[in-house]
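All values below were derived from every heavy atom in this structure, side-chain atoms included, with hydrogens, water molecules and symmetry-related copies excluded. What you see is a predicted model, and the numbers here were worked out from it, not measured in a lab. A, B, ... follow the sequence lines: proteins, then strands. Residue 1 opens every chain.
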Amino acid sequence: MILFKAVTVKISLVITLAVTLLASPCLVAKSQEVKHGENKPLPKIIALAPHIVEMLYDVGAGAQIIATTDFADYPEQAKNIPSIGNYIRLQLEKVIALQPDLIIAWQSGNPSDDLARLSQLGFKVVYSEPKTFSDIAKELRHFADLSGHSEQGRQVADEFLKQLGDIQDRYRDKQPISTFYELWSRPLTTIARGSWPQQHLNICRAENPFEQVSSPYPQVNIEQVLKTPIRLIIQPLSVNQKDKEGFNWQNWPTIKAVSENNIITPDADALHRMTRRSLLALDKLCSDIDKVRRSYLSGI
Amino acid sequence: MSQIRFNLPVKLSLLALLCLGSIGAALTFGPVNISPQQLVACFSTTCETPVIDMVVFQVRVPRILVGLVAGMGLAIAGAILQNTTRNPLADPYLFGIVSGAGLGATIASITLANMLTLALPLAAFLGALFAVIIVVLIAKALQRMEQLLLAGIAVSFMLSSISQFLLYLGEPFATNRVMFWLMGSLARVELENFYVISAVLFFALAVITAFHRHIDALLLGDESAASLGVNADKLRLIMLALCAALTATIVAYCGGIGFVGLMIPHIVRQILGVTTIPLILGSMLIGGTFILWVDVIARTALENAEIPIGIITSATGSIFFLLIMYRTRKN
């Protein structure tokens, strides 16, 4: 119980991040009815995370999903898929009753003991664990192969990598700009190496002064921020965090980014989602950062 | 007194019947609809379908059996600790067992994330035992075994703070894993877990039965017990080690299930009295039955999800406790 009280903030942070990573509405994918081989029926799939559901729709396997977990709300059809649990616990009885041919699970986001039990009961369990943008392409191909949609999967993954390469090329030689990424306001929490948004900053050539901190989502003191030459503040806001108030930066006008009003507020839901759509958010973020960079450079 | 003696077998028989009835009833509850007739078919001949067979024998039966022995074990651990320390608030969890198990689970979650199925219960068990050993060593160093509870609280805070620090530095999902694991669940249990917990439970029962007169003597006070030839400190140590092993085994497989060890013995004392044998038998039957029904609520209350069992035991336990306090005040 003591532990419970003390890490409540971190838990709420992780849960909110997990939900916002995966729960926002996004682009519409087409589903196709394709036969897996000549006479073999397409496998029935249980997809245990919203980003897996989205990837399956992306490769045309959406119609094969027979169950998922809470917060799988994209595309619109996904809202009709029955839920058999959440990030805490799966209902094993329901999984058994559904008799899926394949279970695709989120390794760090699903209860590992339930997944081990399902494997033990003879169900085929494969894992999703995207850590980088390239992993998304790999998983799109992998899930497409498993679901009988190899061709569409290859096309979608190639297109994804091409778009990613274009964005990387566009910003590769830009001058770095010192940036503070506000993941959470109370307590003030930022990102570091190993976190999902850090790669966004790297691609957009935004320099994070806290990148080398050992915890991926470190809490920081405002004094630590004050002593760094911050030129830009990124304050992602989510529609799922209705009560969240961003940190009030206006109280700290000595920070260059504040005095120059260089605070951008991208959509957290789109930015933090580990799917094909995250590229759109990345593109928009890089473009916004670049505007600040250009205004800063032109003022020198 | 004679009335209590006369009634005791009847009361225990009724509790045993309630427990057996609860086992049968608990089998019929779950997200998959299985009728009593289908259940009877499963146990008398063969199940109607392979799906029903798997649900009944791979999911529900292990859950019910583990829930039963876990409830029994936690309740008798609480009863024994309350009697040997003569402290009505004594509970196995107050000796740092859950905090120790939490530290073990935290280390396993951070360092052995890919083999948690085996590593987590083992690490939790070792962590719980480590906590109890530290508590006992501190109490012995102070040469005051009656301060076991205070030492337990201090160790509990210390181990929790280490866990928090490790979780703060570790990857964020490890925090989730440990937190939800500590809330307790029977969803992950297997039949092998039932055998392990049962073995420890039977061993504990054998030791308690052998020492039951000594424990009863302790109820009269340390001086009276000493005059009857009972070494109070030694007996407390043996009982604490026994309860620690039992609770650590249960926590390792089921996570944190709070309040059972504290609440059930209080109910049993009202029905069967304070002496060891009736108290233990009653605690086993009521503790086992209680967890069976709590687990039924855990797996059926929400349509598409499960409620961690520790949430329900703590909620019901705290309400129960307030009612007892209110009743005591009225009397």
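- Rounding to the nearest 0.5 Å places CG of A:Leu92 at 7.5 Å from CD of B:Glu306.
- Proximity to chain B is absent for every atom of A:Pro111, based on heavy atoms less than 4.5 angstrom apart.
- The part of B:Pro308 that comes within reach of chain A is its side chain, from C-beta onward, which places non-hydrogen atoms under 4.5 angstrom from that chain.
- Around atom CD of A:Gln212, more than 12 heavy atoms belonging to other residues, nucleotides or ligands sit under 6.0 Å away.
- In this structure, the portion of B:Ser185 lying under 4.5 Å from any heavy atom of chain A is its side chain and not its backbone.
- In this structure A:Phe133 satisfies the ring pair (Phe, Tyr, Trp, His ring centres under 6.0 Å) test together with A:Trp196, A:His200, sequence neighbours excluded.
- Other residues, nucleotides and ligands place no more than 12 heavy atoms under 6.0 Å from the CZ atom of B:Phe130.
- Interface check for chain B: of the options A:Arg89, A:Lys94, A:Gln91, A:Gln99, the most heavy-atom pairs under 4.5 Å are formed by A:Gln91.
- For chain B, the nearby part of A:Ile84 is the backbone; its heavy atoms alone come within less than 4.5 Å.
- Of the two parts of B:Val189, only the backbone, made up of N, CA, C and O, holds a non-hydrogen atom closer than 4.5 Å to a non-hydrogen atom of chain A.
- Interface remark: of the candidates A:Ser83, A:Pro82, A:Ala97, A:Gly85, A:Ser83 forms the most heavy-atom pairs closer than 4.5 Å to chain B.
- Here the side chains of B:Glu190 and A:Arg117 are in contact, with some heavy-atom distance below 4.5 Å.
- Of the possible polar contacts, one joining the B:Tyr168 side chain to the A:Gln219 backbone as a donor-acceptor pair under 3.5 Å is found.
- In this structure, chain A has a heavy atom under 4.5 Å from the backbone of B:Leu302, while its side chain stays farther away.
- Under the side-chain contact (heavy atoms from CB on, under 4.5 Å) rule, A:Glu93 has a single partner from B:Val32, B:Asn33, B:Val56, which is B:Val32.
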